[in-house]
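Worth knowing before you read on, the calculation uses all heavy atoms, side chains too, and leaves out hydrogens, waters and symmetry mates. Throughout, a chain's letter reflects where its sequence line sits, starting with A, and its residues are numbered from 1.
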There are 2 protein chains.
Amino acid sequence: MAQKSFEDYMECPFHLAMSVLEGRWKFAILYVLSARGTLRFKELERSVPGISTRMLTKELKHLESHGIVRRVPYATVPPKVEYSLTDIGISVSPVIDEISKWGEQYLASVDPSTS
Amino acid sequence: MAQKSFEDYMECPFHLAMSVLEGRWKFAILYVLSARGTLRFKELERSVPGISTRMLTKELKHLESHGIVRRVPYATVPPKVEYSLTDIGISVSPVIDEISKWGEQYLASVDPSTS
DNA sequence: GTTCCTAGGAACACAAAGGTAACTATTGCG
DNA sequence: CGCAATAGTTACCTTTGTGTTCCTAGGAAC
């Protein structure tokens, strides 16, 4: 299977989006940044249940390199780095909201007593 | 890291949804089923670019076991099996749509000449 | 008679994803 | 002094994901 280029994905907005947002942690990170605004690295680590330091840095780098997350480091000791969503990052919120909404519907369909 | 149970996810609709929809191919499969309705196995395989037979069967089984996809086999030769979305599966469409919309916005933000 | 078509299942192997532990630098606190 | 705290990085190892190949049944087309 040949590697897809950016140009290949451009044809289909859906696949373009998924090529950027795919992965086990990206939506979860965007979810907490969307809900809670600016967060420091360790705050994020504590807010995304189960993620490891390594994965968090990797995913944040990926999101930053795609312009979705903003990274603002401070030259203090101990170090302080703040992460927040960029404008295009904020525009992922409707996706997050729809996923949450669907989660509620799914829960209701699986366990009608909760609705 | 301990395995999360369904009950753990129930607290948060977002994480519940992601626990069901996570994976490289699930959104893509739902995308084509949502757009094209009922499809046979091979049609699906051809419609999801890059997926292998094995992954398609695995993902379809997963989605079927969660009540998102309906599987209707026919006792013909050659075999014929039709896949379609259930009601709760159809309700994923808004998520798909928002992802597509975001893809367009993202494309425009990366390459303003396209908007 | 030979070959093609479908909807997978089984076994095998490799690559990618992810976890864990150790390490850094500097300041503040007790 | 000794320890905690932050934001990572690196090396090493395990787990999972995914691809590949081979296989089936029986009618249809050649």
Partner residues of A/E43 under the side-chain contact (heavy atoms from CB on, under 4.5 Å) criterion, sequence neighbours left out
A/L39, A/R40, A/R46
Roughly, in whole Å, what's the span from CD1 in B/I51 to P in D/dT20?
13 Å
A/F41 has an atom CZ; how far is it from atom C1' of D/dA5, in whole Å?
14 Å
Select base, sugar-phosphate, or nothing to describe what B/T53 touches, counting heavy atoms under 4.0 Å on all strands.
base
B/R70 and B/T86 side chains, donor-acceptor separation under 3.5 Å
no
Is the shortest heavy-atom distance from the side chain of A/R71 to the side chain of A/V81 under 4.5 Å?
yes
Euclidean distance, atom CD of residue B/E82 to atom C1' of C/dG8 [Å, nearest integer]:
16 Å
Give a yes or no on whether B/V32 and B/I90 share a hydrophobic cluster (residues Ile, Leu, Val, Met, Phe, Trp, Tyr; joining criterion: side-chain heavy atoms under 4.5 Å apart).
yes
Atom pairs, protein N/O to nucleotides 10-16 of chain C N/O, distance under 3.5 Å:
none

Whole angstrom value for the distance that separates P of C/dG18 from CD of A/E59:
6 Å
Return the value, rounded to whole Å, for the distance between atom CD of B/E43 and atom C1' of C/dT6.
11 Å
Atom pair CG/CD1 of A/L60 and A/I29 - distance to nearest 0.5 Å
5.0 Å
When rounded to the nearest 0.5 angstrom, what is the spacing between OG in A/S100 and CD in A/Q105?
11.5 Å
Mind checking ring-ring contact (aromatic ring centres under 6.0 Å, His included) for B/Y31 and listing every partner two or more places apart, or none if nothing turns up?
A/F14, A/H15
So what does B/K58 hit on the nucleic acid, given a heavy-atom distance under 4.0 Å: a base, only sugar-phosphate, or nothing?
base
Just so I know, are the side chains of B/P73 and B/K80 near enough to count as touching, which here means a heavy-atom distance under 4.5 Å?
no
Protein-nucleotides 23-30 of chain C N/O pairs under 3.5 Å:
none

Counting only N and O atoms by type, is there a donor-acceptor contact under 3.5 Å from the side chain of A/K26 to the main-chain atoms of A/E22?
yes
Taking only the side-chain heavy atoms of B/R40 (C-beta and beyond), determine which of C/dT6, C/dG18, D/dT18 contains the nearest atom.
C/dT6
Between the side chains of A/E45 and A/K42, is the shortest nitrogen-to-carboxylate-oxygen separation below 4.0 Å, so that they form an ion pair?
yes
In whole angstrom, what separates B/E45's CD from C/dA7's P?
9 Å
Please report, rounded to the nearest Å, how far the P atom of D/dT18 is from the CD atom of B/E22.
11 Å
Below 4.0 angstrom, which residues in residues 60-73 of chain A have at least one non-hydrogen atom near DNA chain D?
A/K61, A/R71
Under 4.0 angstrom, heavy atoms only, what part of the nucleic acid is A/Y74 near: base, sugar-phosphate, or nothing?
nothing
Residue pairs passing the ring pair (Phe, Tyr, Trp, His ring centres under 6.0 Å) test with at least one member in residues 76-96 of chain B, sequence neighbours excluded, are none
On DNA chain D, nearest-nucleotide positions of A/Y83 versus B/M55: which is more 5'?
A/Y83
So, A/E98 and A/K101, do they make that salt bridge, N to O below 4.0 Å?
yes
Which whole-number value in Å describes the distance from A/K80 NZ to D/dA7 C1'?
13 Å
